[in-house]
Amino acid sequence: VKKLKETLVTVQQLDKNMSNLRSWLSRIEAELSRPITYSVCHEKEIQKRLAEQQDLQKNIEQHTEGVASVLSLCDVLLQDEDAAGGSEAESDSLQETSRSLDQQWRTICALALDRRLRIEETWTLWCKFLNDYSRFEDWLKMAERTAANPNSAEVLYSVAKEELKKFEVSCFHGKLLLFWIKFS
């Protein structure tokens, strides 16, 4: 009787912990699944998103012990032949619940890491974009000055033709850069 009471208390504790954990897991999965949005292309915006992610990571880390506790309770009940009432179906169900929880936990940990890496990658891409934009802007200003003040007096036809080819190549590179900026 004492053993059955202990088992009943363990099952009730598992049920309570599992219920709380399921709702928390659902909330965290929803949070991690939401797209990351940025209001401006600035380092402060990245730092803000990284701080939010760090808070989320701390929340996940605080639940590590609770997940481990639930998984441990599942293992205890699976090892106790009397706990499942001798029913193979109940034992299988408990085992599947344990596997499912473990997989969901691993997925959440992976999603959290992936989200942080995506935020950091966004900053790297922004820096590259801003650098490319600055170089393009400098090139465009130089090209505008050259076009506004052509030095075409007494220029041989062959030299002018070669300069035109260089200009066309520069224009092509500028178009490629604009295309990259537009679709990046």
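Everything quoted here is computed from the prediction, not taken from an experiment.
- At a threshold of 4.5 Å between non-hydrogen side-chain atoms, the residues W123 and L50 do not count as touching.
- Side-chain contact between L111 and R115 is absent, with no heavy-atom pair separated by less than 4.5 Å.
- A distance of 6.0 Å separates CD of E29 from OG of S26, quoted to the nearest 0.5 Å.
- For R106, the CZ atom sits in a loose shell: 12 or fewer heavy atoms of surrounding residues, nucleotides or ligands are nearer than 6.0 Å.
- Closest non-hydrogen pair, D102 versus L71, comes out as OD1-CD1, 3.9 Å.
- The hydrophobic clustering, which links ILVMFWY residues whose side-chain heavy atoms are closer than 4.5 Å, places I119 and L56 apart.
- For the side-chain hydrogen bond (donor to acceptor under 3.5 Å, both in side chains) test, no residue two or more places apart in sequence or in another chain qualifies with E121.
- Taking a cutoff of 4.0 Å between a charged side-chain nitrogen and a carboxylate oxygen, E45 and R49 qualify as a salt bridge.
- Looking at R27 and S23, their side chains come closer than 4.5 Å, going by heavy atoms from C-beta outward.
- Heavy atoms from other residues, nucleotides or ligands lying under 6.0 Å from CD of E96 number more than 12.
- Note: W24 and H63 have parallel aromatic rings, judged against thresholds of 30 and 60 degrees for the angle between ring planes.
- For the atom pair CD of Q57 and CD of Q62, the computed distance is 10.5 Å after rounding to the nearest 0.5 Å.
- T122 OG1 to E120 CD: the interatomic distance, rounded to the nearest 0.5 Å, is 9.5 Å.
- F129 has its side chain out of reach of L125: every pair of non-hydrogen atoms, C-beta onward, lies at least 4.5 Å apart.
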Intermediate values then yes/no, salt bridge (charged side-chain N to carboxylate O under 4.0 Å, His left out), R135 and D132: CA-CA 5 Å; R135 286 187 14 242; D132 289 347; 3.0 Å; yes

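- Considering every non-hydrogen atom in both W126 and V40, the closest pair reads CH2-O, 3.0 Å.
- Less than 6.0 angstrom separates the ring centroid of F136 from the ring centroid of W139.
- The shortest side-chain heavy-atom distance between L73 and N17 falls under the 4.5 Å cut-off.
- Between G66 and L21 the shortest heavy-atom distance is O-CD2, 4.4 Å.
- The heavy-atom pair separating L25 from W105 by the smallest distance is CD2-CE3, 4.3 Å.
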Please test N59 against I28 for side-chain contact (heavy atoms from CB on, under 4.5 Å), starting from the C-alpha separation and ending with a verdict. CA-CA 9 Å; N59 188 353; I28 290 297; 3.8 Å; yes

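- Checking Q53 against R116 by side-chain atom types alone, no donor-acceptor pair falls below 3.5 Å.
- No donor-acceptor pair closer than 3.5 Å links the side chain of S134 to the backbone N or O of L130.
- Formation of a donor-acceptor pair under 3.5 Å by the S19 side chain with backbone atoms of K16 is not found in this model.
- In this structure, the side chain of S72 does not engage the main chain of A68 through any donor-acceptor pair within 3.5 Å.
- In this structure a side-chain-to-backbone donor-acceptor pair under 3.5 Å is missing from S98 to L94.
- A 4.5 Å side-chain heavy-atom check between R22 and Q104 finds every atom pair outside the cut-off.
- Annotation for A112 and L32: closest pair CA-CD2, 3.9 Å, computed over non-hydrogen atoms.
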